[in-house]
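Here is the structure we will look at.
Side chains included, hydrogens not; waters and symmetry mates left out as well; all remaining heavy atoms used.
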Amino acid sequence: MKRIFALLLAMLLLAPGAAAAEYDPDVTINVYSWGEYIANGTDGSMDINAEFTRRTGIKVNYTTFDSNESLYSKLVGGGADYDVIVPSDYMVSRLIDEGMLLPLDYENIPNYQYIDEQFRSPGYDPEEKYSVPYTWGVVGVFYNTRYIDEVTSWESLWNDEYAGKILMFDNPRDSFAIAQFLLGKDLNPTDTEEWRAAADLLKAQKPLVQAYVMDQIFDKMESGEAWIAPYYAGDAAILVDNSEDIDFAVPKEGTNFFVDAMCVPKTASHKREAEEYINFLCEPEISGANMDYVGYSTPETAAREYLDPEVAESPLHYPDAETIARTQIFVNLPGETSKQVDQLWAEVKMGGPGESAVLVAIILGFLGVYIAIIVYKRRKRKRELA
């Protein structure tokens with residue numbers, strides 16, 4: 001039903017009468033966003049980028065990242081020429097603080113009027129200067145009901161009965177958040193010991209973890225290679241729809257509430273065209289068709305009218321007030337705290353500072369043997385020449 005509804009909406013929007021605006025047909029904007037995050041014409045959905053090009057003449061080069069940290073590294077590394085990016089709330093704040101975003105001209109984004117009041121002047125962009133909300137959602141747990149009867153707590157991700165079948169986020173903020181909820185702590189502490197306690201809990205989990213992943217979760221869960229994994233609720237519909245064995249739950253301890261927003265980086269070459277693209281994605285009919293396919297929640301009540309009713313009424317996409325009341329948001333952390341989190345995350349994935357030290361010692365040992373062999377061969381050659 002969902003795909004049929006999307007197809008009918010796409011046919012309606014493609015009907016004559018929506019004349020294309022005057023734009024230079026040679027302009028191509030570079031959009032950098034999450035994987036599986038825009039309707040692309042498959043399964044009867046609208047091809048959002050193709051429709052934008054049809055209307056405006058502006059072409060879209062769409063590439064993807066799998067974590068906010070990957071996005072940040074790409075921007076900081078230089079050489080990236082993106083016109084639109086879609087970071088999460090705390091990363092938007094960081095990019096603003098570091099002067100990496102351009103202020104938006106909201107006169108070029110009149111469809112911003114459809115953004116619900118609760119998403120206006122957010123903590124990550126309180127002056128409403130740099131971002132436009134794209135989606136929102138919460139984090140929960142996917143699990144295979146053939147092997148796991150029910151999940152009510154984050155503790156399930158530490159259950160040794162599922163050893164080797166557990167997946168975990170391959171990014172620090174989401175992974176640390178799960179440990180922090182289990183510890184009953186805030187998600188944004190600046191106290192070193194609180195982060196270390198969460199890291200210790202994640203280190204204890206590591207022997208049970210099959211892999212640290214992001215979008216790879218889909219293949220691993222659908223194939224049965226993994227049984228349980230945390231991920232974003234917006235992807236619940238994809239996995240649940242594709243497999244009768246996959247279910248989804250939001251743990252009782254609470255979870256992260258997130259917003260992903262559209263921004264224009266400081267290095268953008270086509271700011272005006274980028275704003276036109278953002279405005280297009282905010283059009284209620286387009287947002288409805290897009291979110292109907294993507295599965296994430298729209299920040300526009302007007303767009304929900306264009307969703308498949310099953311989606312608009314689904315608790316997977318629009319959690320109830322009780323669930324929302326148990327959520328926390330991420331905020332941008334101070335520089336020193338961010339460095340500490342990165343260091344602790346490296347320790348978690350390597351097994352802790354003790355194992356890291358052993359690895360370094362082994363490498364140095366091999367290096368020492370290699371140097372000794374080189375020195376020996378040179379001395380031997382000198383003796384032979386003499």
Side-chain angles (χ1 to χ4, degrees), residues 1-15 18 29 31-56 60-66 84-86 88 111 114-116 132-140 142 214-219 221-222 231-244 246 248 258-262 277-319:
M1 178 179 178
K2 175 179 176 180
R3 299 307 180 206
I4 294 175
F5 184 87
L7 180 59
L8 290 174
L9 178 58
M11 292 173 63
L12 176 64
L13 292 172
L14 287 169
I29 59 171
V31 178
Y32 199 37
S33 185
W34 299 82
E36 306 289 340
Y37 222 35
I38 196 164
N40 58 12
T42 60
D43 295 334
S45 68
M46 177 189 294
D47 188 330
I48 297 294
N49 287 332
E51 174 64 7
F52 174 71
T53 300
R54 187 189 74 83
R55 291 192 186 189
T56 66
V60 180
N61 177 35
Y62 192 93
T63 55
T64 64
F65 56 85
D66 63 4
V84 178
I85 57 174
V86 190
S88 299
N111 287 329
Y114 296 111
I115 300 296
D116 291 348
V132 173
Y134 179 58
T135 64
W136 65 272
V138 297
V139 175
F142 293 102
M214 293 303 293
D215 287 343
Q216 302 95 320
I217 182 180
F218 298 105
D219 291 338
M221 288 294 294
E222 285 182 330
Y231 216 59
Y232 312 112
D235 292 296
I238 298 174
L239 281 173
V240 173
D241 286 352
N242 290 349
S243 174
E244 61 182 15
I246 304 298
F248 180 82
F258 64 86
V259 175
D260 291 341
M262 298 174 283
Y277 183 76
I278 293 171
N279 185 62
F280 172 77
L281 292 180
C282 288
E283 186 175 319
E285 295 92 338
I286 296 299
S287 179
N290 194 17
M291 294 304 107
D292 205 43
Y293 175 83
V294 172
Y296 280 81
S297 307
T298 173
E300 304 177 14
T301 296
R304 292 180 65 173
E305 297 177 12
Y306 298 93
L307 293 174
D308 181 335
E310 292 182 3
V311 174
E313 298 168 7
S314 168
L316 289 177
H317 304 86
Y318 298 94

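- Using a distance-only test at 3.5 Å, with no hydrogens or angles considered, a donor-acceptor pair links the side chain of Asp116 to the main chain of Thr301.
- Put simply, the side chain of Met221 reaches to within 4.5 Å of the side chain of Ile246, judged on heavy atoms.
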Derivation of the side-chain contact (heavy atoms from CB on, under 4.5 Å) call for Phe280 and Ile48: CA-CA 9 Å; Phe280 172 77; Ile48 297 294; 3.7 Å; yes
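- With Ser45 contributing its side chain and Thr42 its backbone, the two residues share a donor-acceptor pair below 3.5 Å.
- In this structure a side-chain-to-backbone donor-acceptor pair under 3.5 Å is present from Asn111 to Asn279.
- A donor-acceptor pair is defined here as one N or O able to donate and one able to accept, closer than 3.5 Å; such a pair exists between the side chain of Trp34 and the backbone of Val86.
- In this structure, Met291 CE and Ile38 CD1 are separated by 7.5 Å, a value rounded to the nearest 0.5 Å.
- For the residue pair Leu281 and Ser287, the shortest heavy atom distance occurs at O-CB, 3.6 Å.
- In this structure, Asp66 and Met214 approach most closely via the heavy-atom pair O-CE, 3.1 Å.
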Report the C-alpha distance between Val139 and Tyr231 in whole Å, list the side-chain angles of each, state the deciding distance to 0.1 Å, and finish with yes or no for side-chain contact (heavy atoms from CB on, under 4.5 Å). CA-CA 6 Å; Val139 175; Tyr231 216 59; over 6 Å; no
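- With salt bridges taken as basic N to acidic carboxylate O contacts below 4.0 Å, one links Glu283 and Arg55.
- Ring geometry for Phe142 versus Phe248: interplanar angle of 30 to 60°, hence tilted.
- With Asp308 contributing its side chain and Glu310 its backbone, the two residues share a donor-acceptor pair below 3.5 Å.
- Heavy-atom neighbours of Glu222 CD from other residues, nucleotides or ligands within 6.0 Å: above the threshold of 12.
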Step by step, work out the side-chain contact (heavy atoms from CB on, under 4.5 Å) result for Thr64 and Tyr32. CA-CA 5 Å; Thr64 64; Tyr32 199 37; 5.7 Å; no
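- Considering every non-hydrogen atom in both Val138 and Pro319, the closest pair reads CG2-CG, 4.0 Å.
- Residues Asp47 and Asn40 approach most closely at OD2-O, 3.5 Å, considering heavy atoms.
- Between Asn290 and Tyr296, the side chains place no donor N or O within less than 3.5 Å of an acceptor N or O (distance only, hydrogens not considered).
- Counting only distance, with no hydrogens or angles, the side chain of Thr56 and the backbone of Phe52 share a donor-acceptor pair below 3.5 Å.
- A distance-only check finds a donor-acceptor pair linking the side chain of Trp136 to the backbone of Thr298 [under 3.5 Å].
- Side-chain contact between Asp292 and Met46 is absent, with no heavy atoms from C-beta onward closer than 4.5 Å.
- Here the shortest heavy-atom pairing between Glu300 and Pro284 reads OE1-CA, 3.7 Å.
- Proximity of Arg304 to Tyr318: side-chain heavy atoms (C-beta onward) are separated by under 4.5 Å at one or more points.
- To the nearest 0.5 angstrom, Thr135 atom OG1 is 10.5 Å from Tyr232 atom OH.
- In this structure, OG on Ser33 lies 3.5 Å from OH on Tyr62, to the nearest 0.5 angstrom.
- Atom CE of Met262 sits about 4.0 Å away from atom SG of Cys282, to the nearest 0.5 Å.
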Hey, mind stepping through Leu239 and Phe218 against side-chain contact (heavy atoms from CB on, under 4.5 Å) and telling me if it holds? CA-CA 7 Å; Leu239 281 173; Phe218 298 105; 3.9 Å; yes
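- Checked by atom type, the side-chain pair Tyr37/Asp260 shows a donor-acceptor distance below 3.5 Å.
- The main-chain N or O of Gly295 is found under 3.5 Å from a side-chain atom of His317 such that the two form a donor-acceptor pair.
- With hydrogens and angles disregarded, no donor-acceptor distance shorter than 3.5 Å links the side chain of Glu305 to the backbone of Ala303.
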